[in-house]
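Worksheet for the structure shown next.
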Number of protein chains: 2
Amino acid sequence: MQNKQILVVEDESAIRDMLRFALERAEFRLALAANAQEARLRIAEARPDLILLDWMMPGLSGVEYAKELKNGATTKDIPIIMVTARAEEEDKVRALNIGADDYVSKPFSFPELIARIQAVLRRSMPGGVEERLAVAGLEVDAASQRVTARGEPVKLGPTEYRLLHFFISHPERVYTREQVLDRVWGQNVYVEERTVDVHIRRLRKALQPYGYDNMIQTVRGTGYRFSDKV
Amino acid sequence: MQNKQILVVEDESAIRDMLRFALERAEFRLALAANAQEARLRIAEARPDLILLDWMMPGLSGVEYAKELKNGATTKDIPIIMVTARAEEEDKVRALNIGADDYVSKPFSFPELIARIQAVLRRSMPGGVEERLAVAGLEVDAASQRVTARGEPVKLGPTEYRLLHFFISHPERVYTREQVLDRVWGQNVYVEERTVDVHIRRLRKALQPYGYDNMIQTVRGTGYRFSDKV
DNA sequence: CAGTTCGGTTAAAAACTTGTCACATTTCTA
DNA sequence: TAGAAATGTGACAAGTTTTTAACCGAACTG
């Protein structure tokens, strides 16, 4: 599985489904939004690695929303690929001027789309968001993809890493297993909800030697919460 | 294979292809960009040894971009050769005034181009940044292109050397195989991703006698990372 | 031009991940 | 407090990724 998450912002459900199909085949994790408003929520929750943004949308248009994204401190580094029905050069220039990273016009071939996504991801990664999340001596560094507990490196599997990364990015907030699956595994990936429990367990176990295991708290009847307060 | 990487910044794809052909034949590693914006990304990613810059480009022109480069702290030392359609003396003077290192006008012969590139590289090299990278007793000296482990010379093949040089220049950061290929082998070189693994293996083997082999760490599911922390 | 080094590829072996299950333990509620 | 519900735990089998060794042709070296 690719470990990149892509947020698709597209109002037409037919196209959304098509994109979903293509991106899933290419093994991206994905998140879907029908409009800018939904997209905002998704971004706040899951931090997508790339946004596929429809040029025209009811409400806040894709262009306007792209501007908003590129102005936001936390969102300006998320690469954007604009998707449009019109294949006009003018639009392309406009898209790039706003700060979009690439531009595809419908109809596009899936391989082309995937190739462009890969290219943008490749490009944006090294200079990418220098994330360094730390809570009470527990540090998650996105660049090195490493977790350290009071300076000591903690050994985690890929899923454990993503799980911790997700939780430490959203402290003090309860998530249901379903939500965790959506955010960490990707939407519409079918795995048992109990799988979350097992991975939580593994993560806790890995953090135990450093005394950080109780930061992932069980909220009985709901799900889990990350917090440094006991 | 030459181990110099050249960044070609040129909007016309025909000329870009021509240059690619010529430079690849001359065995340079190369990176391509269609405009200044792309070029910025490429420079951030791969640190080219020389930039071939088109005089006229849509958006930020070659001239303006050259200025930008020569003002940037990290980029001011990368030599620039301006490429232009007009063979006017005036332009040449202007180019050199900006800080470009040389100037070729279309149409140019490939041998001439190559010769100029070689000349500029030769010139810029000795005065170039005397790189001496060292981490925890492992030292890579760019000038002599030699690696020493606690003073002991380490025998490495050219590719192993470049690989180590790349990794030691970017510690604490994960790179995918694809990124490593782009940056160590050069873009648009087609080799299997597994090749990276094999060379990593060879490098580790060479470093093993000195106990430095575990500095190149596997990040399962992603790629590799260089780090002195275990 | 013979021997050596070098680089890319391949395939099999080894190492590690991961989803799920079955059972244990805890917590809640009637 | 008994029983139900929710969560924790260890083990496993399948799948995936990485390591390793071996091969081969091309490029170098003497």
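So that the names make sense, note that chain A is the first sequence line, chain B the second, and so on, each numbered from 1.
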message = Just the rounded figure in Å: distance from C1' of dC6(C) to NE2 of H199(B).
response = 8 Å
request  = Give a yes/no answer on whether the side chain of W185(A) brings an N or O atom under 4.0 Å of OP1 or OP2 in dG19(C).
outcome  = yes
inquiry  = Less than 6.0 angstrom separating the ring centers of F226(B) and F166(B), yes or no?
reply    = no
Side-chain N or O of T159(A) closer than 4.0 Å to phosphate OP1/OP2 of dT17(C) = no
request  = Please work out if Y224(A) contacts a base, only the sugar-phosphate, or nothing of the nucleic acid, heavy-atom cut-off 4.0 Å.
outcome  = sugar-phosphate
ask   = Less than 4.0 Å between a side-chain N and a carboxylate O, is that true for E152(A) and K229(B)?
value = no
dG8(D) OP1/OP2 closer than 4.0 Å to side-chain N/O of K205(A) = no
ask   = So, does the side chain of R220(B) form a donor-acceptor pair with the base of dT17(D) at under 3.5 Å?
value = yes
query = Any side-chain N or O of R194(B) less than 4.0 Å from the OP1 or OP2 oxygen of dT19(D)?
reply = no
query = Does dT20(D) have OP1 or OP2 sitting under 4.0 Å from an N or O in the side chain of R201(B)?
reply = yes
ask   = Would you say the side chain of R202(A) and the base of dG8(D) hold a donor-acceptor pair, judged only by whether the two atoms sit under 3.5 Å apart?
value = no
query = Is the phosphate of dT7(D), meaning OP1 or OP2, less than 4.0 Å from a side-chain N or O of T218(A)?
reply = no
request  = For D213(A) and dT9(D), give me the distance from atom CG to atom C1', rounded to whole Å.
outcome  = 14 Å
query = What does V219(B) touch in the nucleic acid at a heavy-atom separation under 4.0 angstrom: a base, only the sugar-phosphate, or nothing?
reply = sugar-phosphate
query = Is the shortest distance from a Lys or Arg side-chain nitrogen in R146(A) or D141(A) to a carboxylate oxygen in the other one below 4.0 Å?
reply = no
request  = Could you pull out the closest heavy-atom pair between L156(B) and Y161(B), with the gap in Å?
outcome  = CD1-CA, 4.0 Å
